[in-house]
Amino acid sequence: MTDIERLNQQFGIKDHLLFKASGEQLIVAEINTPLACATVALQGAHVMQWQPCSQQQPVIWMSSQARLKQGKSLRGGIPICWPWFGAHGEQARFSAHGYARTAPWQVVSSELNSLGELNLILRLQSEAEHLSLWPHASRLELSITIAETLSLSLSTTNLTDHAVVVGAALHTYFQVSDIENVSLSGLEGVDYYDKVVDSPLLTQQGALTFNAETDQVYINSAQRCVIHDPQYQRNIIINKQGSDATVVWNPWIAKAERLGDLGEDGWKQMLCVESANALENTVTIAAGQTHCLTACYEVENIINE
Ligand code: TA6
């Protein structure tokens with residue numbers, strides 16, 4: 001029996017959840033329910049796509065150039081940054097955003113409930129190669145609930161006998177009609193670092209609009225954010241818990257060209273709003289304890305006046 005056959009036998013749900021090969025011998029879970037469709041790669045527990053039935057456009061952006069490749073991060077979807085955010089504190093040669101997003105995760109459970117919500121739980125257990133990068137045994141689980149809303153809960157259990165400090169993010173790429181025609185509210189008055197210019201702490205004045213590369217880390221921010229997209233006639237509402245930092249990122253033209261994997265003008269149709277624990281908002285997890293970082297995305301249709 002192949003891995004895919006075993007997964008479908010153990011966790012498949014007829015007509016609603018099917019595991020299949022994708023890219024270079026990797027495996028994805030394809031989800032179709034009366035409420036929404038989604039795709040989740042087992043590598044990195046990476047939500048690649050989510051589209052409620054009520055939406056004409058996907059809510060999560062994925063680069064047209066994204067290809068599933070063993071050990072390679074995907075441009076788009078919801079990369080899981082863990083157990084550090086950004087560059088590694090000491091080892092410049094370690095991959096940015098940690099190793100969880102390129103590691104093979106295991107399926108723990110799948111369930112379609114009476115409301116038509118599909119829940120999938122994936123787990124990453126510390127392996128030797130991970131311990132060489134981050135020497136603290138841990139169990140990482142992602143619980144994904146796919147419906148008219150999308151909920152993700154990333155739980156870190158510290159399996160060691162000492163406290164550990166963890167940086168993490170649900171590095172979500174949202175699809176927008178045109179980055180120059182959307183705004184982001186919810187961060188008014190919040191302090192942030194502008195990573196494009198390596199600024200000191202600044203304070204956000206008003207809602208964010210976008211007209212250049214944007215890479216801002218908002219600290220002590222547990223607020224709900226909303227992406228306002230009049231052209232798509234929708235708001236994307238981003239609620240979170242267990243996350244005190246919010247990262248807002250769009251590479252704009254030059255950086256998108258340098259990255260080279262966003263596809264033709266892909267930068268114009270994406271906006272990252274990341275529920276994170278980073279910089280002064282990393283989390284300390286005591287021995288044997290668990291921390292949960294949770295985000296929930298909801299789409300509100302609006303009629304333009
Ligand atoms: O979250 C924003 C950021 O840290 C940017 O600085 C940029 O590096 C982005 O993440 C993408 O990182 P990646 O390693 O996926 O190319």
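These figures come from a predicted structure and were not determined experimentally. All residue numbers in this chain count up from 1 along the given sequence. Because only heavy atoms are used, hydrogens play no part in the values below, and waters and symmetry mates are left out as well, while side chains stay in. Order of listing sets the numbers, starting from 1, for every ligand and every atom in it.
For the 3.5 Å distance criterion, the side chains of Ser63 and Tyr173 fail to qualify, holding no donor opposite an acceptor. In this structure, a donor-acceptor pair under 3.5 Å is present between the side chains of Glu280 and Tyr193. Checking Asn158 against Thr290 by side-chain atom types alone, no donor-acceptor pair falls below 3.5 Å. Residues Ser185 and His228 bring a donor and an acceptor atom of their side chains to less than 3.5 Å of each other.
In summary, Lys268 and Glu180 engage in a salt bridge, as defined by a charged side-chain N under 4.0 Å from a carboxylate O.
Every protein residue with a heavy atom nearer than 4.0 Å to ligand 1 is included here: Arg75, Phe85, His97, Arg101, His171, Lys195, Asp215, Val247, Trp249, Lys255, Glu274.
Using the six-membered ring where Trp is involved, Phe85 and His97 have ring planes that are tilted, between 30° and 60° apart.
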